[in-house]
J.: 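Sharing a structure below in structure tokens format, with a few things to ask.
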Amino acid sequence: MKTLKDFANYLREKHLRDFTIYYLTVIKGMDIPIVKLVIEKGLIKDLADENAIKMTMDSLAEFLLSLEDNTAIDKAKESLKIWEEDKVPGIGKNEILPSDIILLYAVQKKAIFHFLPDYVNDIVESIAIVQEVDSFYTYLQDEAIKTLFNIQKTTEEKLKQTETIRQRLFMIAEASTDFIGFADAKDRHIMYINPFGRKMIGIEKDEDVTKYKISDVHPQWTNKLLENESVPVAMQNGVWQGEAAFLSQLGQEIPVSMILMAHKTDNGKEVEYFSTISRDIREQKNAEEELKSVNKFLDSVLDNIPNMVFVKDAHDLKFVRFNKAGEKLLGQTKKALIGKNDYDFFSKEQADFFTSKDKAVLSQNDIIDIPEEPIDTPNGQRWLHTKKIPILDPKGRPIYLLGISEDITDIRQANTELESKTKELERSNSELEQFAYVASHDLQEPLRTISSYVQLLAERYQDKLDKDANEFIAFAVDGSKRMRLLINSLLEYSRVNRIKPFEWIEVTDLIKEILQDMQEQIKESGVTIEFKELPKIYGDTVLIGQLFQNLIANAIKFRGEKNPEIRISCERKNDEYIFCVADNGIGIKKEYAEKIFVIFQRLNSREKYPGAGIGLSICRKIVERHGGKIWVESELGKGSAFYFTIKTTLG
Ligand code: ADP
């Protein structure tokens with residue numbers, strides 16, 4: 001019995017070309033949309049074309065073969081799957097209509113039936129084959145409809161999704177705090193501006209934006225930029241980004257950071273519209289301006305500081321700031337210095353030193369003081385006194401290192417000179433003291449001889465020679481007395497520096513003793529002396545006694561007309577006692593306040609106020625021996641107050 005399988009074999013082997021031509025002729029007469037589309041798209045030139053015949057023959061041969069080996073259903077399903085997955089070459093899945101499939105199946109069926117009577121005479125066999133063909137195509141039709149249904153469903157879903165996305169994007173645009181807008185690419189009229197954008201350029205909420213063109217909302221310079229650069233770049237690359245500006249309705253320019261995008265039509269051939277997302281950068285610009293002016297101010301402050309000031313990045317120790325004084329010292333411009341570190345300018349040894357200090361500052365998070373550091377400059381080696389300070393971020397981590405360096409080369413040199421001069425002075429002073437001591441000591445002996453003989457002369461020959469001689473002798477006696485006074489004072493003065501061990505002294509007791517010794521003077525002058533509890537000090541008892549005695553004696557000696565009064569007091573200031581011996585005597589003119597402490601300097605006549613003029617210089621020496629200072633505060637006629645300081649602590 002003949003079957004469809006045999007029939008297919010028969011068609012393929014014996015009538016393939018006839019079968020194909022018949023098939024094509026039917027198609028041609030049927031006006032099937034897909035066939036038209038294929039020809040329109042240029043995928044096939046013409047159905048009568050030899051090429052088309054050949055291609056169709058191949059595919060029909062394949063189809064017949066699949067009927068022969070029972071794979072026809074699978075093959076047909078495969079084709080439907082290709083359609084569903086949108087993989088048909090040159091044709092989109094939505095371009096294929098359900099009628100296309102049904103009609104093509106019908107044509108195939110018709111062509112098969114056309115050749116059937118030639119092949120079977122037996123009516124039963126014929127019916128069997130017809131039934132087989134029918135059920136085959138009924139099955140395929142069902143499959144095709146299912147496929148179609150699937151395609152429609154996914155297409156719809158996609159459309160829905162696209163619509164949701166579009167909705168969401170619109171909402172985002174409406175809520176955005178950036179300027180968002182679209183404009184037509186051809187005539188450049190605006191299609192949409194979001195609410196924020198409208199507000200930014202002053203377009204009313206319900207005002208129609210389509211009446212504006214792109215050029216209406218930008219200043220001239222931006223329009224030029226758009227035409228010459230932004231639009232061409234966006235057309236070429238799809239996007240342009242840069243700084244531009246909008247122009248508000250009130251004529252105010254609003255600087256923005258702009259993204260301009262060019263959107264192409266579906267076929268991708270031409271630009272359909274432009275969109276922009278632009279951010280208002282007024283605040284940023286203002287902040288930039290402010291920063292610039294703050295920086296300028298800071299620079300001018302730093303540049304006016306006479307010391308070198310620099311700032312290094314804590315991370316890599318590269319200079320980030322440098323002032324004029326620094327430029328001058330290093331003989332380098334700011335430009336050359338910024339971004340470099342010490343190793344770019346100094347010897348390794350020096351750079352190592354600077355860097356080690358920097359690291360110490362940053363790791364300790366504390367200021368470092370470097371009293372003296374040498375530095376090589378184009379003007380030779382200089383000495384700096386540098387302070388390095390860590391600059392911290394809000395979390396307390398160092399971000400910068402601030403350095404302030406004073407050029408102390410000249411001071412240092414002056415100090416060295418001063419030091420050597422002081423040493424020299426000390427040496428010559430001590431030589432002088434030595435000399436004064438030796439001289440006054442050695443002079444005492446001959447002076448004693450002269451004094452006693454002059455004294456003898458006076459006793460024996462007074463009134464025995466003439467009147468002149470009497471006077472001469474009196475002068476000689478006087479002179480020798482005075483000389484003794486001077487020499488003794490000098491000796492006393494040079495003895496002050498003899499070192500004796502210091503001890504604790506009860507000053508109150510000491511004063512009482514002194515006053516006891518001076519009882520006669522006190523009585524005679526009628527002076528009242530007042531003092532309260534005085535502190536304990538550490539010093540040379542003999543010298544301190546001498547100091548008080550000299551001051552009290554002077555206060556008595558230089559008393560005035562009023563009842564003489566002396567007050568001895570003491571107050572503490574930090575680690576010093578300030579003692580004061582004050583009187584209500586004749587006082588001292590201000591200009592002599594220093595002079596009176598110099599050896600042999602006196603202000604008054606010898607007749608009225610006897611003395612050698614050495615007491616106060618001894619006082620100064622004693623005070624200085626104890627590490628203190630002495631001075632006088634006085635007014636002529638109103639009394640004097642002598643002050644001196646003594647350390648409260650040992651030494
Ligand atoms: P001297 O008392 O021997 O003259 P000093 O060195 O003690 O020498 O004093 C120097 C000078 O300072 C005195 O000659 C006197 O002119 C002045 N002087 C010192 N103490 C007083 C005082 N308490 N009041 C006024 N003048 C004083």
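For ligands, and for the atoms within them, numbers begin at 1 and follow the listed sequence.
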J.: Is it true that Phe642 lies under 4.0 Å from ligand 1, counting heavy atoms only?
T.: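 Yes; Phe642 lies near enough to ligand 1 that a heavy-atom distance drops under 4.0 Å.
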J.: Has ligand 1 got any nitrogen or oxygen that is less than 3.5 angstrom from a nitrogen or oxygen of Gly613?
T.: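 Such a contact does occur with ligand 1.
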J.: Taking the inter-plane angle between the rings of Phe548 and Phe579 on a 0 to 90° scale, is it parallel (under 30°), tilted (30 to 60°) or perpendicular (over 60°)?
T.: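 Plane angle over 60°, so perpendicular.
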J.: Can you find an N or O of Arg602 that's nearer than 3.5 Å to an N or O of ligand 1?
T.: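 There is such a contact, yes.
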J.: Look at the side chain of Ser525 and the backbone N and O of Ile556, then say whether any donor-acceptor pair between them is shorter than 3.5 Å.
T.: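 The answer is no, because no donor-acceptor pair under 3.5 Å joins these two groups.
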J.: For ligand 1, indicate whether the residue Asp583 contacts it via side chain, backbone, both or neither (heavy-atom separation under 4.0 Å).
T.: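 Answer for Asp583: side chain.
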J.: Does Gly585 come within less than 4.0 Å of ligand 1, judged by its heavy atoms?
T.: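 Gly585: no contact with ligand 1 (<4.0 Å).
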J.: Answer yes or no: does an N/O atom from Leu616 fall short of 3.5 Å to an N/O atom of ligand 1?
T.: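 Leu616 vs ligand 1: N/O contact under 3.5 Å present.
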J.: Going by heavy-atom distance to atom 26 (N) of ligand 1, choose the closest among Asn584, Ile588, Ile566.
T.: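 Minimum heavy-atom distance to atom 26 (N) of ligand 1 goes to Ile588.
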J.: Do other residues, nucleotides or ligands put more than 12 heavy atoms under 6.0 Å from the CD atom of Glu372?
T.: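 Enclosed: over 12 neighbouring heavy atoms sit under 6.0 Å from CD of Glu372.
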J.: Please confirm whether Asn604 comes within less than 3.5 Å of ligand 1 when only nitrogen or oxygen atoms on both sides are compared.
T.: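 It does: an N or O of Asn604 is found under 3.5 Å from an N or O of ligand 1.
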J.: So, for His626 and Tyr538, is the gap between ring centers shorter than 6.0 Å?
T.: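 Ring-ring flag for His626/Tyr538: false, centres at least 6.0 Å apart.
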J.: Would Lys647 and Asp575 count as a salt bridge (charged side-chain N to carboxylate O under 4.0 Å, His left out) here? Give the steps.
T.: CA-CA 6 Å; Lys647 287 244 159 10; Asp575 61 344; 5.1 Å; no
